[in-house]
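What follows is a single structure, written as structure tokens, with notes after it.
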Amino acid sequence: MSLRVENLACARGPAQILAGVTFAVAPGEALILRGANGAGKTTLLRTLAGLTPPLAGTITAAPDAIAYAAHADGLKAQLSVAENLAFWAGAFGQGDIGPAVEAFHLGPLLDRRAGEMSAGQKRRLSLARLLVTGRPIWCLDEPTVSLDAENVARFAAAVTAHLAAGGSAVIATHIDLGLPAAQTFDITPFVAKRIRADDPFAEAMG
Amino acid sequence: MPDLGQYAVYVLSSYAVTLGLLAVLILGSIWQARRVRARLEAVESRRDRSA
Amino acid sequence: MIALLKRDLMLALRAGGGFGLSLAFFLIFATLVPFGVGPQTGVLATIAPGILWLGALLACLLSLDRIFQLDWEDGTLDLIATSPVPLEGLAAIKALAHWLTTGLPLVVAAPVLGVLLNLPGAAYPWLVASLLLGTPALSAIGTFGAALTVGIKRGGLLLSLLVLPLYMPTLIFGALCVVRGAAGQEALTPLLLVAGITLGSLAILPFAAAAALRVNLR
Amino acid sequence: MNSIWEYANPRKFMATSAFLLPWTAGLAALCLVTGLVWGFFFTPDDFRQGSTVKIIYIHVPSAIMAVNAWLMMLVASLIWVIRRHHVSALAAKAAAPVGMVFTVIALATGALWGQPMWGTWWEWDPRLTSFLILFLFYLGYMALWEAIENPDSAADLTSVLCLVGSVFAVISRYALLFWNQGLHQGATLSLDKEQNISNVFWYPLVIALCGFGFLFLALVLYRTQTEIRARRLKALIAQERMG
């Protein structure tokens, strides 16, 4: 499943953050987003996920192909691991949570409430959510935060398996995941911070 | 001054309340306009100098 | 969408979910009224329809800010917005869940409180019917208000300010139905009007709420 | 022939409104002074209501403009939602406090008129009550504008509120008629019915109404200019921060 982005301009609130972003991700391929803190990686990912409308440019992907994972885990503290996963599986119209549990080694934690888990365990659960979405293009925002080395390896293995199955991924991360088919994409040249062009108030008015 | 009779207090206070509220609205608008205009001019001149 | 409803109901029933708080508020509210107006049964019987409707309305209002706020804070709302569930459906499900966990218990509790307030016997069917048909409108309007204010920190007070004027027609017709029922007058017309407001709210407001959510998420 | 939508451009609006503002403000002052002085000093007392009839020259125009202000906000909100003209959204924002003050004037003068005529300051009459509700709508609308940081989001959300609020305001109006028949007399001014007040009261009333109308227009133009400047100020400060 391919994702093509052409001349994309992204905004956050009243400000344009990025302009002219162009890249393509083929099936089985991963794109690693690089850029300084605050450069606009999160804004780009939110635009790809369809949360923020783009100011200009096009995003070409099959409908309902993108699964998004944000900084926030999006877990319900009162629900158990199994219930959290089952909810997302239901929301995305998927049935089986087995592979997701296995990939992130959540079996021993299934009945634990999300509120009682450590930050790293929550992160694993939140990443396991991606596997129950059944969606081919993953857009991930700093997915390895608070994961230990062992679980970073698990995550890398899950992404590798996803790619091998014909999926693709766009990942904002600073660490090297050692993915087989990964191209690095530095957003620094596309940073264009200014008042958005459709805001008529920044031009001279006299 | 017309003879307002027994209702003078109601009629006069109606007019007083109305004129008072309109004055507050108009003066408030003017005050707000002046403040915004002054702040905008400060920012504009800062911008012109740097440009 | 069913998964969403199931999750919302589960969350409401778990510890800290707030289920029962509105009910307890309703109970306390109705209990406090006689202390305010005096224990004369005649007076209580006259005001009971209005008090019960007002109490139900305020109890609904109490839990509105939880509808979207918690999902917004932990990031779930972003993720649901990227899921196949349309935001219109999300708003409708949220309103339904709010009604099932707040409105429906109030409907069940209202006749009991009616006894405490000396509500005349003829009014009970109208009380239950008007609340049953009217509280869904309260939930739908409240969901719209919650969607408008989801991005605002400490938006609870603002939410009340926005929602209360919108509640007025429902309150008028609902209470009027019970008043007329208590007096043995024709009460079907206000009941039908309550039902009309509910149907209209359920038809329109999920779309308005979804539009507001979209703005707040971007 | 220029398109009317060109006036939705802030710069164009500033130029046009700068031209229009003195005229509307002048007309407002002229009509208000003429209408109110004529009405206050040179009209006879009503045989039933005595001198309180003089309150009509402020009560009726402010009530009519209070409702018209909301209608104008509704139209402006629709234009923003459909065509996304920023000035339109700001004009709606600028009109809200004006409409609210007119509502308060209508309520206050109504109470001052009701006390001698009906023997009570306040009556839960459908008309009075709908103005109270209108006041609450204005309050909520303005509070929502204030509460939201991002101006475009605020414009979107207040527009949605204005649209939904208008629907509910109409329902409330009918609900109130159903609820209580009320003491308030019928409409004083109407086009389709026979004129139901005599000419001596009619002429100053119409002039006062024009005065309130022009005053509303002038204030909205003026306040919209302020809102545009405030919005530009915000944009420039944001630009400075971004470097």
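This structure is a prediction, so every number in the text was calculated from the model and none was measured. Computation of the quantities below employed the complete heavy-atom set of this structure, encompassing side-chain atoms and omitting hydrogens, waters and symmetry-equivalent molecules. Numbers restart at 1 for each chain; the letters A, B, ... are given by sequence-line order, proteins then strands.
Inspection of non-hydrogen atoms places no residue of residues 155-163 of chain A under 4.5 Å from chain C.
Partners of C:Leu157 under the side chain to side chain contact (heavy atoms under 4.5 Å, CB included) rule, at least two apart in sequence or in another chain, do not exist in this structure.
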Q) Run the side-chain contact (heavy atoms from CB on, under 4.5 Å) check on C:Leu11 and A:Leu79 step by step: do they pass? A) CA-CA 7 Å; C:Leu11 283 173; A:Leu79 299 185; 3.8 Å; yes
Q.
Could you walk me through whether A:Leu51 and C:Asp78 satisfy the side-chain contact (heavy atoms from CB on, under 4.5 Å) test, starting with their C-alpha distance in whole Å, then the side-chain angles of each, then the deciding distance to 0.1 Å, before giving a yes or no?
A. CA-CA 7 Å; A:Leu51 288 168; C:Asp78 280 347; 4.1 Å; yes
Q | Derivation and outcome, side-chain contact (heavy atoms from CB on, under 4.5 Å), residues A:Asn84 and C:Arg7 | A | CA-CA 9 Å; A:Asn84 267 302; C:Arg7 185 204 66 148; over 6 Å; no
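Per-residue heavy-atom pair counts under 4.5 Å with chain C were compared for A:Asp64, A:Thr52, A:Thr47, and the maximum is reached by A:Thr52. Contact count against chain A (heavy-atom pairs under 4.5 Å) is highest for C:Leu79 among C:Thr82, C:Leu217, C:Thr76, C:Leu79. Heavy-atom pairs under 4.5 Å with chain A were tallied for C:Ile2, C:Val85, C:Ile80, C:Leu77; the largest tally goes to C:Ile80.
Few gaps surround CD on A:Glu116; more than 12 heavy atoms of other groups in view lie less than 6.0 Å from it. Atom CZ of A:Arg34 sits in a crowded spot, with more than 12 heavy atoms from other residues, nucleotides or ligands closer than 6.0 Å. For C:Phe207, the CZ atom counts as loosely surrounded, since its 6.0 Å shell holds 12 or fewer non-hydrogen atoms of other residues, nucleotides or ligands.
Of all heavy-atom pairs between A:Arg135 and C:Ser83, the closest is NH2-C, 3.8 Å. In this structure, A:Ala91 and C:Ala3 approach most closely via the heavy-atom pair N-CB, 3.8 Å.
Using a 4.5 Å cut-off between heavy atoms, A:Arg12 makes no contact with chain C at all.
Atoms CE and CD, from C:Met10 and A:Glu83 in turn, are 4.0 Å apart once rounded to the nearest 0.5 Å.
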